[in-house]
**Student:** 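First, the structure itself, so that you have it in front of you.
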Protein chains: 2
Amino acid sequence: MERTFPEAAPSIAPVAAALADPSRAVMCTALMDGRAWTPGELATLCGIARSTATEHLHRLAEAGITVDVRQGKHRYVTLAGDQIAELLERLAAVSGHTLPTAPSLSASDRTRRFREGRTCYKHLAGRLGLHLTDALRSHGHLDEDWRLTGAGTAWAARHRLDLSEHRGKPCLDTTERRPHLAGPLGVSLCAALFAQRWISRIGDGRAVRLTPDGRGNLRDLLQLA
Amino acid sequence: MERTFPEAAPSIAPVAAALADPSRAVMCTALMDGRAWTPGELATLCGIARSTATEHLHRLAEAGITVDVRQGKHRYVTLAGDQIAELLERLAAVSGHTLPTAPSLSASDRTRRFREGRTCYKHLAGRLGLHLTDALRSHGHLDEDWRLTGAGTAWAARHRLDLSEHRGKPCLDTTERRPHLAGPLGVSLCAALFAQRWISRIGDGRAVRLTPDGRGNLRDLLQLA
DNA sequence: CGGATGGTTCGGTGGCCGCCGAACCGTTCG
DNA sequence: CGAACGGTTCGGCGGCCACCGAACCATCCG
């Protein structure tokens, strides 16, 4: 065949191709929780043979999308870095069928809605992440440029939340399709909430819930019923 | 075959697949200049038959990556929006082999280097875009958050540059691999420079050069020889 | 009108690649 | 040691799709 492209810079095609397969896409989506998965787990998740999963992981690693750590008889796979996570976010944003974005909630069912939370590459996402972001913003703890304000710093200190980072970035949520807090501040906040046990994981997935303790302490901020 | 994935959200695979083919990747890279291309031009660029190009464009349009306008016997294709352009930028950033970034230039050959400029989805890129960004920053016209400062506003007014937008965003250059000014401010600045005829296009491509007039007026800012 | 030009449609062909199962390797554990 | 288990390699199969050329349609122009 032999077609040569006009000195076509480092083409985007190889990386895109690595993400173009449904099985690999599911794997990457799973890896977005920032945790390490084994080939076997990913095979089960995708409903394919282990051997096939191995091949896919080979390809993802070659494209620089994943990295892995070997430990005993296990191999742990993770995304190669924030850069990759951001790429996947963009891709998801473009891929998503434009879902109608829920406008405003009645204060009553707000509590119930908060149960649906999850992590997205080490920061909070889902409704929990989204509404926490909104709440911080409306209380003046987060400014327009995704930075913690003076009031926000005071609030964190008052609650013994160790926020080493004050600068955040927006992240577009895959399902909610609205930006929520990410970046260093987002990661820092998520870690602090885990440390205080105000949130905890449900099972093995990305799902996260507010603990009773967290609910009590965040009641004012989130205006829960 | 019939594999069904675990209610796998709107998958990223279809969009990735649309970008996974070398020919389509070249097309998208070309479209990054923000201008309209015809199927014929793109076919020639990729070195494929017109019929094949038509098929590719079909697929890109289906994936929501391109949109087209019909006019007479021509069909003009463009990227579907900023969201797509940003996705492509990310993809290019991940794909790119990490080129060493030229550190500092001797003031003498700076002038020559400025010739290499181009547009990147309606803002300036290439060395010209990069150094213009650096110059604005070092003169205090652009702050850390990619916003025009007071000094920057004054500078623009002094030069009759109509900058309606003051908020910018970083954009990672495909070849230079360093962020340069994009976002509303970047687009606005690029338009203003064209309006003043301080920059102009070279031929049909994305290439842009500083005009003699532009060179004179920007001499101080850019510290040209 | 009739030729030229740009774009599209339609078979047909060849190669790539996702998939599997079987065999194999390495680690862990009884 | 031998069984169990996770992971990998390998051969083979089947479907998808990028590609082309030829025929066709539409617009523009002499």
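Below, chain A is the first sequence line, B the second, and so on; all start at residue 1. The analysis underlying the following values was restricted to heavy atoms, covering all of them including side chains, and did not include hydrogens, waters or symmetry mates.
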**Student:** What is the nucleic acid contact for A:R75, judged by heavy atoms within less than 4.0 Å: base, sugar-phosphate only, or nothing?
**Tutor:**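 Sugar-phosphate: the residue A:R75, judged by heavy atoms under 4.0 Å, touches backbone atoms but no base.
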**Student:** Find the distance A:H74:NE2 to C:dC25:C1' and express it as a whole number of Å.
**Tutor:**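 Whole-Å distance recorded here is 16 Å.
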**Student:** At less than 3.5 Å, do the side-chain atoms of B:S51 and the base atoms of D:dG21 form a donor-acceptor pair?
**Tutor:**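 When only heavy-atom distances are counted, B:S51 does reach the base of D:dG21 through a donor-acceptor pair under 3.5 Å.
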**Student:** Is A:T52 near enough to C:dC19 that one of its side-chain N or O atoms lies under 4.0 angstrom from OP1 or OP2?
**Tutor:**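 No.
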**Student:** Starting from C1' on C:dG26, measure out to CZ on A:R70 and report it in whole angstrom.
**Tutor:**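 Taking CZ of A:R70 and C1' of C:dG26, I get 10 Å after rounding.
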**Student:** Once you round it to whole Å, what is the distance between P of C:dC19 and NE2 of A:H58?
**Tutor:**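 It works out to 16 Å between those atoms.
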**Student:** Picking from D:dC19, D:dA18, C:dG7, which would you name as closest to the side chain of B:R50?
**Tutor:**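 The answer is C:dG7.
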**Student:** Taking only Lys NZ, Arg NE, NH1 and NH2, and the carboxylate oxygens of Asp or Glu, determine whether B:R167 and A:D145 approach each other closer than 4.0 Å.
**Tutor:**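 So B:R167 pairs with A:D145 through a salt bridge.
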**Student:** How do A:K73 and A:R24 order along DNA chain C: which one's closest nucleotide is nearer the 5' end?
**Tutor:**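 Final value for this comparison: A:R24.
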**Student:** Quick check for you: among D:dC19, D:dC17, C:dG7, whose closest atom lies nearest to any side-chain atom of B:E55?
**Tutor:**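 Minimum distance to the B:E55 side chain belongs to D:dC19.
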**Student:** Tell me: CG of A:D68 to P of D:dG6, nearest whole Å?
**Tutor:**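 So the CG-P distance, A:D68 to D:dG6, works out to 18 Å.
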**Student:** Given D:dA18, D:dT8, C:dT8, identify the nucleotide with an atom nearest to the side chain of B:P39.
**Tutor:**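 Closest nucleotide to the B:P39 side chain: C:dT8.
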**Student:** Will you find, in the side chains of A:H123 and A:H180, an N or O donor that is under 3.5 Å from an N or O acceptor?
**Tutor:**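 Yes.
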**Student:** Got a donor-acceptor contact below 3.5 angstrom from the B:T52 side chain to the B:I48 backbone?
**Tutor:**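 Pair absent, no side-chain N/O of B:T52 close to backbone of B:I48.
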**Student:** Report the distance from atom NE2 of A:H56 to atom P of C:dC17, rounded to the nearest whole Å.
**Tutor:**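 Distance check: A:H56 NE2 to C:dC17 P gives 12 Å.
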**Student:** Roughly how many Å is it from CG in B:L60 to P in D:dA18, rounded to a whole number?
**Tutor:**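 Interatomic distance, CG of B:L60 to P of D:dA18: 10 Å.
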**Student:** For residues 54-70 of chain A, which side-chain donor-acceptor pairs fall under 3.5 Å, sequence neighbours excluded?
**Tutor:**
from  : atom 1 : to    : atom 2 : distance (Å)
A:T54 : OG1    : A:R50 : O      : 3.2
A:H56 : ND1    : A:R24 : NH1    : 3.0
A:T66 : OG1    : A:A61 : N      : 3.4
A:D68 : OD2    : A:R75 : NE     : 2.9
A:D68 : OD2    : A:R75 : NH2    : 2.8

**Student:** Please confirm whether the shortest side-chain N or O distance from B:S23 to OP1 or OP2 of D:dC19 is below 4.0 Å.
**Tutor:**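 For D:dC19, OP1 or OP2 has a side-chain N or O of B:S23 closer than 4.0 Å.
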**Student:** Which whole-number value in Å describes the distance from A:E62 CD to C:dG18 C1'?
**Tutor:**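 Going from CD in A:E62 over to C1' in C:dG18 covers 15 Å.
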**Student:** Take the protein atom CG of B:D21 and the nucleotide atom P of D:dA18, then report the distance between them rounded to whole Å.
**Tutor:**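 Atom CG in B:D21 sits about 5 Å away from atom P in D:dA18.
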**Student:** Taking only Lys NZ, Arg NE, NH1 and NH2, and the carboxylate oxygens of Asp or Glu, determine whether B:E89 and A:R90 approach each other closer than 4.0 Å.
**Tutor:**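 Looking at A:R90 together with B:E89, the answer is no, because their closest N to O distance does not fall below 4.0 Å.
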